[in-house]
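Have a look at the structure below, then the notes.
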Amino acid sequence: MNATKISAMIIMFLILVIPVIGYPKLTNYVNDFAGLLTQEEEDNLNEIIHDINLEYSVEIAVVTIENTEGDGRVNYANRIGEENGVGKKDKDNGILILWSLDNEKGGAIATGRGIESILNDAKVTRIGRASRQYFDSNQYHQAFVFILDEIKTELEKAKGQGD
């Protein structure tokens, strides 16, 4: 076999072997695919996020999943946000808050480039670590409320600096 045929066979093999990750389609601010929240808790979080969106023109999505299908949490969160258009397109100011149960158990807060000046990696890491106590005790609603409150605090600080 010549090199071209071998290359083509390798590419075909990789296409067949490499799993294709299907990122979930978001239908609301809160998308509880793992079934961790009650309807009342989802409604409450949707209301909080809606209010933040109105006040600060920032789009936030909360997503719970069973697993990341072998992908890393941060990459998975970024891809969900990108594929679902979380954030204003011209501002790239979306925030996606992810919690995964199985492989890659844990959370991620992914931000668009347009919001990174307010929510940089250090702030997102601090917020994530501080919320972990709630996740570890299965208080998922409280964990998401905590994260949203911290995000709102950072947005308010930035708004005050812009005045």
Side-chain angles (χ1 to χ4, degrees), residues 11-121 123-125 127-132 134-136 138-152 154-155:
I11 291 170
M12 289 299 289
F13 175 76
L14 289 174
I15 289 171
L16 295 173
V17 173
I18 296 174
V20 176
I21 297 174
Y23 298 97
K25 298 293 178 217
L26 306 184
T27 58
N28 210 340
Y29 297 124
V30 178
N31 297 267
D32 184 23
F33 299 113
L36 304 177
L37 303 167
T38 66
Q39 187 60 54
E40 183 179 298
E41 290 170 337
E42 274 190 60
D43 292 344
N44 174 253
L45 292 172
N46 277 312
E47 185 177 323
I48 292 169
I49 295 169
H50 176 73
D51 291 347
I52 291 171
N53 186 8
L54 287 177
E55 173 107 14
Y56 302 99
S57 191
V58 172
E59 292 182 8
I60 301 173
V62 169
V63 179
T64 69
I65 54 171
E66 291 290 330
N67 66 69
T68 62
E69 301 182 47
D71 200 357
R73 289 186 315 268
V74 174
N75 186 60
Y76 197 86
N78 277 315
R79 292 300 305 260
I80 292 171
E82 288 169 7
E83 291 199 11
N84 285 277
V86 177
K88 308 272 189 265
K89 190 170 188 165
D90 60 326
K91 295 182 180 181
D92 193 16
N93 64 348
I95 303 166
L96 193 126
I97 304 163
L98 175 76
W99 183 257
S100 174
L101 289 177
D102 294 331
N103 80 308
E104 282 290 312
K105 180 174 179 159
I109 302 171
T111 59
R113 293 194 190 281
I115 195 81
E116 286 178 342
S117 64
I118 298 169
L119 288 169
N120 60 36
D121 288 344
K123 289 177 184 176
V124 166
T125 299
I127 292 168
R129 284 188 179 143
S131 69
R132 189 65 192 231
Y134 302 111
F135 286 112
D136 287 346
N138 299 330
Q139 296 176 322
Y140 301 108
H141 177 256
Q142 185 58 39
F144 292 124
V145 168
F146 176 84
I147 291 169
L148 293 169
D149 284 347
E150 291 294 309
I151 288 171
K152 187 174 179 181
E154 293 300 329
L155 293 168

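This is a predicted model, so every value here is computed, not measured. Just so it is clear, the values below take in all heavy atoms, side chains as well, and ignore hydrogens, waters and symmetry mates. Along the sequence shown, residues carry numbers from 1.
Within the model, atoms CZ of F146 and CD of Q139 stand 12.5 Å from one another, a figure rounded to the nearest 0.5 Å. Once rounded to the nearest 0.5 Å, the distance linking CD1 of I95 with CD1 of I52 reads 8.0 Å. Atom CG of N44 sits about 3.5 Å away from atom NE2 of H141, to the nearest 0.5 Å. We find the CD1-NZ distance between I80 and K25 to be 10.5 Å, quoted to the nearest 0.5 Å. Atoms CD1 and OG, on I65 and S100 in that order, are 4.0 Å from each other to the nearest 0.5 Å. Rounded to the nearest 0.5 angstrom, D32 CG and W99 CH2 are separated by 13.5 Å.
Under a cut-off of 6.0 angstrom, the local environment of NZ in K152 is sparse, with at most 12 non-hydrogen atoms contributed by other residues, nucleotides or ligands. Heavy atoms from other residues, nucleotides or ligands lying under 6.0 Å from CZ of R132 number more than 12. Under a cut-off of 6.0 angstrom, the local environment of CG in D121 is sparse, with at most 12 non-hydrogen atoms contributed by other residues, nucleotides or ligands.
Taking all atoms of both residues into account, the shortest heavy-atom contact from L26 to N84 is N-OD1, 2.8 Å. A pairwise comparison of heavy atoms in E116 and T111 identifies CG-OG1, 3.5 Å as the closest pair. Annotation for T64 and G35: closest pair OG1-N, 4.2 Å, computed over non-hydrogen atoms. Between L98 and R73, the shortest heavy-atom distance links the atoms CD2-O, 3.5 Å. Between G128 and I109, the shortest heavy-atom contact is N-CD1, 4.2 Å. Considering all non-hydrogen atoms of both residues, Y29 and N53 come closest at OH-ND2, 3.4 Å.
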| Candidate pair I48 and F144, rule side chain to side chain contact (heavy atoms under 4.5 Å, CB included), full reasoning | CA-CA 10 Å; I48 292 169; F144 292 124; over 6 Å; no
| task | Determine, step by step, whether D43 and Q39 satisfy the side chain to side chain donor-acceptor pair (under 3.5 Å) criterion, reporting the C-alpha distance in whole Å, the side-chain angles of both residues, the deciding distance to 0.1 Å, and the verdict. | result | CA-CA 6 Å; D43 292 344; Q39 187 60 54; 2.8 Å; yes
| Yes or no on side chain to side chain contact (heavy atoms under 4.5 Å, CB included) for L119 and I127, after CA distance, side-chain angles and deciding distance? | CA-CA 10 Å; L119 288 169; I127 292 168; 4.2 Å; yes
| task | Using the side chain to side chain contact (heavy atoms under 4.5 Å, CB included) rule, take S131 and E150 through it: C-alpha gap first, then chi angles, then the decisive distance, then the call. | result | CA-CA 10 Å; S131 69; E150 291 294 309; over 6 Å; no
| request: List the steps and the verdict of side chain to side chain contact (heavy atoms under 4.5 Å, CB included) for L101 and L36. | output: CA-CA 10 Å; L101 289 177; L36 304 177; 3.9 Å; yes
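Counting heavy atoms from C-beta outward, I97 and L148 have side chains that approach closer than 4.5 Å. Using a 4.5 Å cut-off on side-chain heavy atoms (C-beta onward), L45 and V145 make contact. Between L155 and I115, the closest side-chain pair of non-hydrogen atoms falls below 4.5 Å. The shortest side-chain heavy-atom distance between E82 and Y23 does not fall under the 4.5 Å cut-off.
No hydrogens or angles considered: a donor-acceptor pair under 3.5 Å links the side chains of Y140 and N138.
Proximity of a side-chain donor or acceptor of D92 to a complementary backbone N or O of G112 within less than 3.5 Å is not detected. Distance alone, capped at 3.5 Å, is enough to place a donor-acceptor pair between the K123 side chain and the I118 backbone. Counting only distance, with no hydrogens or angles, the side chain of N93 and the backbone of S57 share a donor-acceptor pair below 3.5 Å.
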